[in-house]
Number of protein chains: 2
Amino acid sequence: MKNLPHKTIERLSQYRRALLICAAKGKTHIFSHEIAKIQHITPVQVRRDIMLIGYTGTLRKGYNVQELIDLIGDIIDTKEGLNVAVVGIGNLGHAMINYFNGKRTKLSIVAAFDNNPDKIGRVFSGVRCYHIDEMAGIIKQDNISIGIITVPAGSAPEISEKLVESKIKGILNYTAKPVNVPNQIYLEEYDMITSLEKVAFFVKTHISDNS
Amino acid sequence: MKNLPHKTIERLSQYRRALLICAAKGKTHIFSHEIAKIQHITPVQVRRDIMLIGYTGTLRKGYNVQELIDLIGDIIDTKEGLNVAVVGIGNLGHAMINYFNGKRTKLSIVAAFDNNPDKIGRVFSGVRCYHIDEMAGIIKQDNISIGIITVPAGSAPEISEKLVESKIKGILNYTAKPVNVPNQIYLEEYDMITSLEKVAFFVKTHISDNS
DNA sequence: GAAAAATTGTTAATTATTTAACAAAGAGTT
DNA sequence: AACTCTTTGTTAAATAATTAACAATTTTTC
């Protein structure tokens with residue numbers, strides 16, 4: 001169980017989300033093919049992922065929903081939780097904060113940063129916005145481990161540098177501009193234009209090869 | 001050159017973005033290792049991707065920036081372009097529209113849909129918002145091929161169904177809830193919580209194995 | 001003009017991920 | 001109690017993606 005594949009990690013997060021919904025509906029057990037259906041993947045893949053984390057279901061009854069939720073939590077969460085900051089309170093940053101509001105998770109967005117004076121000091125969906133220059137101080141004070149970059153693409157490198165200086169541990173960069181960070185910092189980049197262009201490509205070539 | 005790997009498609013989109021910036025700066029040629037540096041990948045991978053699309057650089061001079069931009073365009077764009085609609089004008093939908101504004105690309109967001117009466121009829125960053133019930137009509141009339149779902153997770157299945165009925169060809173689902181579509185429709189799903197949980201996991205296990 | 005350095009293009013090897021195959025075993029059926 | 005069906009867990013095979021290795025060739029340097 002030492003080295004889980006990256007893809008498995010992603011799926012575990014998704015399984016958990018689906019399982020929480022099932023639990024809320026009062027479902028106590030679930031089959032691999034049911035999870036698979038929800039996630040549009042194969043039952044084998046679900047079973048294999050679950051095998052990798054060392055959980056065992058009951059033959060002909062499936063997996064215990066709550067146990068599986070808890071186990072996934074043990075794997076992907078930290079006990080104490082991690083604090084997160086959003087840098088850039090535009091629409092995207094705001095969406096990010098809203099997204100998390102109410103989601104009970106071990107990840108909490110505890111601060112936001114921007115350089116627009118109109119935003120400094122205001123509280124957005126429960127998250128206070130500070131000036132970017134206060135970043136190092138707040139990140140230390142609030143023990144923030146992860147920074148989400150949602151500024152305009154042009155400012156991304158500068159922001160990422162500031163996050164690095166502030167001793168951040170992980171960065172999620174949502175701008176179209178790739179940033180460079182020392183490699184003890186975990187960096188994940190995602191860009192919506194690429195995704196849309198990818199969809200466009202497959203629409204163009206009318207390949208329909210996803211489940 | 002028939003079957004490009006999915007990952008290559010994504011990278012081509014990213015290369016092009018980087019190349020456009022280079023071109024704007026007046027750079028006429030670029031080496032594989034320069035592109036690699038920008039994208040944090042290896043030069044071999046860049047060369048291999050470029051090989052796959054059948055382009056050939058000049059030994060010791062690198063690739064012609066403009067030619068490469070044009071060729072990538074031939075591959076991932078359609079000649080006439082494709083029209084896109086955003087469903088759900090919350091922060092995320094709004095971010096999506098802004099993101100695209102001014103980006104010269106063969107993809108145009110030409111319509112938005114929402115069910116909030118306050119938004120119907122308004123124009124957001126140049127994109128008119130219609131009621132969700134008008135979807136089928138507008139999608140047909142404006143020849144829209146791709147739908148981006150940015151509604152609250154709970155409404156995703158319903159919206160996706162409406163898009164399918166409207167004969168959409170590709171869907172990009174940004175909600176945390178996976179949707180089911182017939183498989184001649186290309187579906188791409190992305191969910192920010194999963195990404196953030198993934199970063200958290202790798203921060204937790206302080207693995208620093210990305211370039 | 002020979003040698004060294006740089007850089008592409010490509011095949012082969014490696015690694016990562018998914019899928020197939022199937023044994024094992026519980027539950028229901030006759 | 002034998003038979004059938006279902007579903008898990010796991011090994012093996014297949015597929016996909018990345019990386020290594022290196023020949024070929026142009027430019028630069030001596």
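As a basis for the values below, the full set of heavy atoms in this structure was taken, side chains included, without hydrogen atoms, waters or symmetry mates. Each chain gets a letter, A, B and so on, in the order the sequences are listed, and its residues count up from 1.
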message = Applying side-chain contact (heavy atoms from CB on, under 4.5 Å) to B:Ile72 and B:Ile53, what does each step give before you reach the verdict?
response = CA-CA 8 Å; B:Ile72 293 176; B:Ile53 63 174; 4.3 Å; yes
Closest to side chain of [X], choosing from [options]:
X       : options                : answer
B:His33 : D:dG9, C:dT7, D:dT7    : C:dT7
A:Lys7  : C:dT17, D:dT19, D:dT11 : C:dT17
B:Met51 : D:dT8, C:dT10, D:dG9   : C:dT10

inquiry  = Strictly distance-based, threshold 3.5 Å: is any side-chain N or O of B:Asn173 a donor or acceptor partner for the main-chain N or O of B:Lys177?
reply    = yes
query = Is the side chain of A:Glu34 donor-acceptor paired with the backbone N or O of A:Phe31 at a distance under 3.5 Å, no angle test?
reply = yes
ask   = Going by modelled atom types, is there a donor-acceptor pair between the base of D:dT19 and the side chain of B:Arg48 at under 3.5 Å?
value = yes
task = Test for a donor-acceptor pair under 3.5 Å between the base of C:dT8 and the side chain of B:Arg60, counting only N and O atoms.
result = no
inquiry  = Need to verify one output field. Residue with the more 5' nearest nucleotide on DNA chain C, B:Val44 or A:Thr8?
reply    = B:Val44
Could you tell me the separation between the [atom1] atom of [X] and the [atom2] atom of [N], rounded to a whole number of Å?
X       : N      : atom1 : atom2 : value
B:Asp49 : D:dA17 : CG    : P     : 11 Å
A:Leu59 : C:dA27 : CG    : P     : 8 Å
B:Gln45 : C:dT8  : CD    : P     : 15 Å

key: Intermediate values then yes/no, side-chain hydrogen bond (donor to acceptor under 3.5 Å, both in side chains), B:Thr58 and B:Tyr63   = CA-CA 6 Å; B:Thr58 311; B:Tyr63 303 97; over 6 Å; no
